[in-house]
Amino acid sequence: MSTRTSHRRPGRIAGLAAAIAAVVGLTTLSGPGAQAADNPYERGPAPTNASIEALRGPYAVSQTSVSSLAVTGFGGGTIYYPTSTADGTFGAVAVSPGFTATQSSIAWLGPRLASQGFVVFTIDTNTTVDQPDSRGRQLLAALDYLTRSSSVRGRIDATRLGVMGHSMGGGGSLEAAKTRPSLQAAIPLTPWNLDKTWPEISTPTLIIGADGDTIAPVASHSEPFYTSLPSGLDRAYLELNGATHFTPNTSDTTIAKYSISWLKRFIDNDTRYEQFLCPLPRPSLTIEEYRGNCPHGS
Ligand code: 9J3
Ligand code: ZN
């Protein structure tokens, strides 16, 4: 680049190039600052298949317990968060357990997702028999507590939030997304709900079903939920192979890798993860079926 400081008008070619660069959003930055400048929400190193399958991601994780007595609208829980404050704020996700279950049933997702660069709140519900609509309201109350009152509120970007849940908690995550379109991602896990149709949702949604689920059979739950989402929405349906209703209750690499990719792609706008979502994953020993729209964000 020239260091001259003359103020002559740029030539037509240079002027045209500058105009194109401005429109296309090209930047002349290079080095470590370039990625952050391109996408302010991106966190962590470039992903690989191994990094999204790993038991832990690049961030060390701390946790803090939230007593049910200290909150209203949900039953307390555990917050898992990257220990370091060197990378600025993170997106956040609240996760609800299913019918009769507590946060322990989805606890494995806390450190697994937080270590990739999210604040993760695994919650207890007010009672273990709360129905999906109540679980949806409780997920939203938990996010509000997390971003407004919790001890880690300063570590969170309150505009970049998501919801997950198992079974009736997964049904609750659909309810939460329907109620609050500002949510950036939803991932229902073997979701259960009496409401079979979700055309109101505008949040990018990854529905994970299990081929052997006899409690929330995919034919009457995950599949109609997916099909009823708007066709133009960023949506996907992952049917786990050789899995049951309770597969989301223990550490599962297929659930983890696609959940991480979905949260990164839509909460962080991190297109480095698009490679794991598009082209659509093929059936395998762990994937019975995968449906979705590609590319995302179009
Ligand atoms: O949260 C769940 O596991 C829902 C499945 C269920 O027991 O529904 C029957 C009422
Ligand atoms: Zn409906």
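For the numbers below, each heavy atom of this structure counts, side chains included, while hydrogens, waters and symmetry mates do not. The shown structure was predicted, so the numbers you read here are calculated from the model rather than taken from an experiment. Remember, it's 1-based here, ligands and their atoms both numbered in the order they're listed.
One of the N, O or S atoms belonging to Asp195 lies under 2.8 Å away from the Zn ion (ligand 2). The Zn ion (ligand 2) has no N, O or S atom of Ser228 under 2.8 Å away, backbone or side chain.
We find that Arg137 and Glu175 are not joined by a salt bridge, their nearest charged nitrogen and carboxylate oxygen being 4.0 Å or further apart. The pair Arg180-Asp144 meets the salt-bridge criterion, with a side-chain N (NZ, NE, NH1 or NH2) lying under 4.0 Å from an Asp/Glu carboxylate O.
Residues of the protein with a heavy atom under 4.0 Å from ligand 1 are Gly98, Phe99, Ser167, Met168, Trp192, Ile215, His245, listed by chain and number.
Within the structure, side-chain hydrogen bond (donor to acceptor under 3.5 Å, both in side chains) pairs that include any residue of residues 63-76 do not occur (at least two apart or interchain).
A side chain to side chain contact (heavy atoms under 4.5 Å, CB included) with Ile187 holds for exactly one of Leu263, Thr205, Leu109; it is Leu263.
Checked against ring pair (Phe, Tyr, Trp, His ring centres under 6.0 Å), Phe121 has the following partners two or more places apart in sequence or in another chain: Phe74. Annotation: salt bridge (Lys or Arg N to Asp or Glu O under 4.0 Å) contacts of Arg282 (sequence neighbours excluded): none.
Between Phe276 and Glu53, every side-chain heavy-atom pair lies at or beyond the 4.5 Å cut-off.
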